[in-house]
Amino acid sequence: MRQALLAALLMMVGILSACSNNNLTPASHEEVQENVQNFYNEMSKFDEMGKSSLEAFNTALTSYSTGKASDSEMEKAVDDFQDTASDIADEVKDVKISKSLPENIQKLLKESVIAFQSAYSIKEKASKSAVSPDVTAEEFQDMNQQADVAMLYGISKLNEARVAAGLIEPGSAATDTLAGAGTGTAADSKPDTDSKANTGTTDIQVNPQTGKGTSVTEIK
């Protein structure tokens with residue numbers, strides 16, 4: 001499943017690259033760094049937006065699963081998260097990548113955009129599935145894992161571009177994170193919509209020192 005998702009992302013990048021026009025004056029080293037840093041800042045802004053929205057959604061999901069939130073409150077939480085994820089996916093798609101950048105950096109940033117857009121689109125779909133009786137717990141968890149794969153891939157490509165632009169050193173801790181935040185998806189466990197039994201919530205966090213992702217499960 002992960003290999004298929006990455007293959008689809010790379011295919012989309014190839015199509016975009018074939019359509020690019022590089023008959024422009026190459027950017028100077030300083031301009032390359034400025035462009036890549038601005039791109040990173042934009043992605044960090046979206047990441048913070050998504051993180052805040054995700055926290056609110058997971059809080060509502062936990063309350064719903066323990067019987068502390070009503071159906072209407074859960075429905076509102078789902079709608080709010082979906083709207084935010086959809087808006088971020090659209091805004092990510094509209095981020096401009098200068099064609100005066102070196103081809104290798106353009107390619108890395110395009111791969112990053114496609115991966116981030118895919119991640120937020122999957123998150124939007126997963127949030128709706130959280131309380132859907134037509135989606136199994138396994139299918140819900142699979143969507144969350146796909147979102148994690150896409151997000152981590154996008155972060156890795158963005159940081160490769162930062163390395164190529166000379167903004168960070170290869171192998172530094174900063175290359176593993178986006179604004180020091182983890183990927184973060186909807187809670188991995190679907191609530192029992194009939195009994196509202198207790199359930200765990202899972203998030204992915206990245207250690208700022210080692211850059212290693214760990215699964216942290218909290219039983220609510």
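All heavy atoms count here, side chains included; hydrogens, waters and symmetry mates do not.
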> Return the CZ to OG distance between F140 and S132, rounded to the nearest 0.5 Å.
10.5 Å

> Which residues pass the side chain to side chain donor-acceptor pair (under 3.5 Å) test with K96, sequence neighbours left out?
none

> Under the side chain to side chain donor-acceptor pair (under 3.5 Å) test, which residues partner E73, sequence neighbours left out?
S70

> How many angstroms lie between atom CG of L61 and atom CE of M74, to the nearest 0.5 angstrom?
4.5 Å

> Between Q141 and T136, does a side chain to side chain contact (heavy atoms under 4.5 Å, CB included) hold up when you go through it step by step?
CA-CA 9 Å; Q141 186 174 14; T136 67; over 6 Å; no

> Return all side-chain donor-acceptor pairs below 3.5 angstrom for residues 27-38, not counting sequence neighbours, or 'none' if the list is empty.
residue : atom : partner : partner atom : Å
S28     : OG   : E31     : N            : 3.2
S28     : OG   : E31     : OE1          : 3.4
H29     : NE2  : Q33     : NE2          : 3.3
E31     : OE1  : S28     : N            : 2.8
Q33     : NE2  : A165    : O            : 3.0
Q33     : NE2  : G166    : O            : 3.3
N35     : ND2  : E31     : O            : 2.8
Q37     : NE2  : N41     : OD1          : 2.9
N38     : ND2  : E34     : O            : 3.2

> Just verifying a value: how many Å separate S129 OG and I122 CD1, rounded to the nearest 0.5 Å?
11.5 Å

> If I compare all heavy atoms of A164 with all of I105, which pair ends up nearest, and what's the gap?
CB-CG1, 3.9 Å

> According to salt bridge (charged side-chain N to carboxylate O under 4.0 Å, His left out), who are the partners of D79, at least two apart in sequence or on a separate chain?
none

> Keeping the roles fixed (side chain from Q106, backbone from L101), state whether a donor-acceptor pair exists under 3.5 Å.
yes

> How many angstroms lie between CD1 in I88 and CD in E91, if you round to the nearest 0.5 Å?
7.5 Å

> Of all the heavy-atom pairs spanning K93 and V113, show the shortest one and how long it is.
CA-CG1, 4.4 Å

> About how many Å separate CD of E111 and CZ of F116, when rounded to the nearest 0.5 Å?
12.0 Å

> Looking at every heavy atom in both F81 and S53, which two are closest together, and how far apart are they?
CD1-OG, 3.2 Å

> Sequence neighbours excluded, which residues qualify as side-chain contact (heavy atoms from CB on, under 4.5 Å) partners of K76?
D80

> Quick one: pull up NZ in K123 and CG in N144 and give me the separation to the nearest 0.5 Å.
9.0 Å

> I'd like to know if the side chain of D142 reaches the main chain of E138, judged simply by a donor and an acceptor atom lying under 3.5 Å from each other, with no hydrogens or angles considered.
no

> What about L108 and I155, same hydrophobic cluster or not, with Ile/Leu/Val/Met/Phe/Trp/Tyr joined at side-chain heavy-atom distances under 4.5 Å?
no

> Search all heavy atoms of A115 against all heavy atoms of A150 and return the closest pair with its distance.
CB-O, 3.3 Å

> Would you say the side-chain atoms of S44 pair up with the backbone N or O of Y40, donor to acceptor, closer than 3.5 Å?
yes

> Determine, step by step, whether Y64 and D71 satisfy the side-chain hydrogen bond (donor to acceptor under 3.5 Å, both in side chains) criterion, reporting the C-alpha distance in whole Å, the side-chain angles of both residues, the deciding distance to 0.1 Å, and the verdict.
CA-CA 8 Å; Y64 182 75; D71 290 347; 2.9 Å; yes

> Compare every heavy atom of G50 with every heavy atom of Y120, then report the nearest pair and how far apart it is.
CE2-CA, 4.4 Å

> Test your reading of the model: is there a side-chain donor-acceptor pair from S86 to the backbone of D83, 3.5 Å cut-off?
no

> A side-chain contact here means heavy atoms from C-beta on lying under 4.5 Å apart; do L109 and K157 qualify?
no

> Can you give me the closest heavy-atom contact between F39 and S112, atom names plus distance?
CE2-OG, 4.0 Å

> Salt bridge check: are E48 and K51 linked by an N-O gap of less than 4.0 Å?
no

> Please name all residues satisfying salt bridge (charged side-chain N to carboxylate O under 4.0 Å, His left out) with E124, sequence neighbours left out, ordered by chain then number.
none

> Under the salt bridge (charged side-chain N to carboxylate O under 4.0 Å, His left out) test, which residues partner K45, sequence neighbours left out?
E42

